[in-house]
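Side chains included, hydrogens not; waters and symmetry mates left out as well; all remaining heavy atoms used.
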Amino acid sequence: AIRRRGLQQGEKVRGVDDARSSRRNPAAFLQDTIVTTPHDIAMQILSWLFAGEDGTHRFLAAKSLSVSLGADDLADAYHGIPNSPSQLGICVVAILNPHSKRMEFYVSFAHLFGLSAAVVNFNRLPELLTAASRRIGMATTWHYFDDQGVLDFWPSTHPAWLEERKPERPFTSVLNQVPSPASQELITANIPEEGLSAQTFASSLYQLVGRLFKAKKHLPPNTVQQHLGILNDFAQFDEMKLKLTPKEGKLEELLDKLKELRDRRPRLCSLNEIMKITGVLLFLLLACFDKVGRGGLRPFFDWISENANARTLWRKKDHQLHLSQALLGGIEYFIFLIPLIEPKVYYLGTVHPKPIIAYSDAEWTAHHPPLLPSRGLGGCLVNVDRYRSCSLVTPLHILWGLAPRETQIIPLELIAAIGLVFTYREFLSGSHLLFFIDNQSVCGALTKGSSKSRDIRHLASGFHALCG
């Protein structure tokens, strides 16, 4: 049997089935591969539609359009898909009755939340219906498991334009200027005249196959919409500018929690607390703030790996554990960083000028005492109106502040890159910068925005903060 536990989610308790410890998941043979939708899918689509190599747009002029985002949530999700009768024998769940304190066993006739095979099988239907909505209805839509998102485009004279529409052509997405005969028949027969949108088309298609969206979670098209946990802000679409921000109050809530952990006495916390905070930090940093701050996550990852056991994780999440000094350092890092970082902004139709090529380098040659090591830094900008370069010898107080290691070439290479950008920060503002650094480890740290070494990850974070 598969053990089921309750997971509190707001006002409801979701049943989660531990298919890993029961060996169901390791025994599953999966041939399908799931490719999940990125959190900024709407921004990526709009950036592509308005991209132009020669300064012109592939799509339509933004001033003649308005764009909005709508979202829906599939009712029942996994529990809406029945299990095969031949497999009911492996779909038995064990639940501890809180009143009798005895284990009780039940057969689940619908997909279980916790089976890896259920995840793959569930995604087949929304994947098919999303593809059908795109091809038949020309709807700009996507799905993230049971969440469906849709972009709707309207001419800026939307109300007057709607009045001129003929009843036999109710679907009015700009992308559907010439509907196919199949889509014409489907739309006319199943979509009410008052719901002229790509979202209505996708919803009607789901309804035709017997899967309904939750009415209370329906989000009609809006220029500022929360979707996949973040706010998609199209309010400045006519200025070709979009924003991706955390939902209102989320950063303040996170900051208060981090400060409470820092000041807590005794210095104890649960695994559940740190895992939740780490998940929120990771999501927000990747979704809204690019790579700035990724380096601060390492102490959280290390603390979780030291204290978590995959086989007993769900039983011990609330046990009190000591806050390590490294973890407290990571907490302090984000308390300082969060008020400084800015949300991600997308500029539509931007044609980047020819990139400025930057080259930085560092020198490290160890000498026997009392001789000091060679520690030169330098950099240059080459394809600009006039050649620019800078150099210096690394100050000793910076050198002594680095973590002890046999060679300091990696942090010095990072400092050289940061120094070049900082020196010419006013000249480089708004430019597209192409960096050449002859050290693979440094390139890796800058690409990831993090490193195992504390000083290197702080330098990588500083580089991204400066370039942002």
Heavy-atom nearest pair, His227 first then Ala71, reads ND1-CB, 3.6 Å
### Message
Would you say that Phe234 contacts Val224 through its side chain, given a criterion of any heavy-atom pair below 4.5 Å between the two side chains?
### Response
no
**Report entry** Face-on cation placement of Arg298 at Phe301 ring, 6.0 Å and 45° thresholds
**Finding:** no
Check your understanding: Is there a side-chain contact between Leu348 and Lys241, using heavy atoms and a 4.5 Å cut-off?
Key -> no
Original post:
Hey, is the main chain of Glu363 close enough, under 3.5 Å, to the side chain of Glu413 for a donor-acceptor pair?
Top reply: no
**Prompt:** Is any NZ, NE, NH1 or NH2 atom of the basic residue among Arg211 and Asp146 found under 4.0 Å from an Asp or Glu carboxylate oxygen of the other?
**Reply:** no
Residue set satisfying side-chain hydrogen bond (donor to acceptor under 3.5 Å, both in side chains) with Arg388, at least two apart, ordered chain then number -> Asp385
Nearest heavy-atom approach of Cys380 to Tyr387 is CB-OH, 3.4 Å
Between Glu260 and Lys257, is there a side-chain N and carboxylate O pair less than 4.0 Å apart? yes
Only one of Leu284, Leu282, Thr278 passes side chain to side chain contact (heavy atoms under 4.5 Å, CB included) with Val280, and that residue is Leu284
Contact between Leu327 and Ile274 at the side-chain level, heavy atoms closer than 4.5 Å - yes or no? yes
Residues Tyr78, Phe145; criterion ring pair (Phe, Tyr, Trp, His ring centres under 6.0 Å); working and verdict:
CA-CA 10 Å; Tyr78 291 11; Phe145 298 95; 7.7 Å; no
* **Flag, side chain of His464 to backbone of Leu446, donor-acceptor distance under 3.5 Å** => yes
**Q.** Side-chain H-bond candidate by donor/acceptor type, Glu426 with Tyr424, under 3.5 Å
**A.** no
* Are Arg4 and Phe113 close enough, and set up right, to give a side-chain contact (heavy atoms from CB on, under 4.5 Å), and what steps lead you there? -> CA-CA 9 Å; Arg4 173 172 291 183; Phe113 189 81; over 6 Å; no
What is the ring orientation for Phe283 with His39, classed by angle as parallel under 30°, tilted 30 to 60°, or perpendicular over 60°?
-> perpendicular
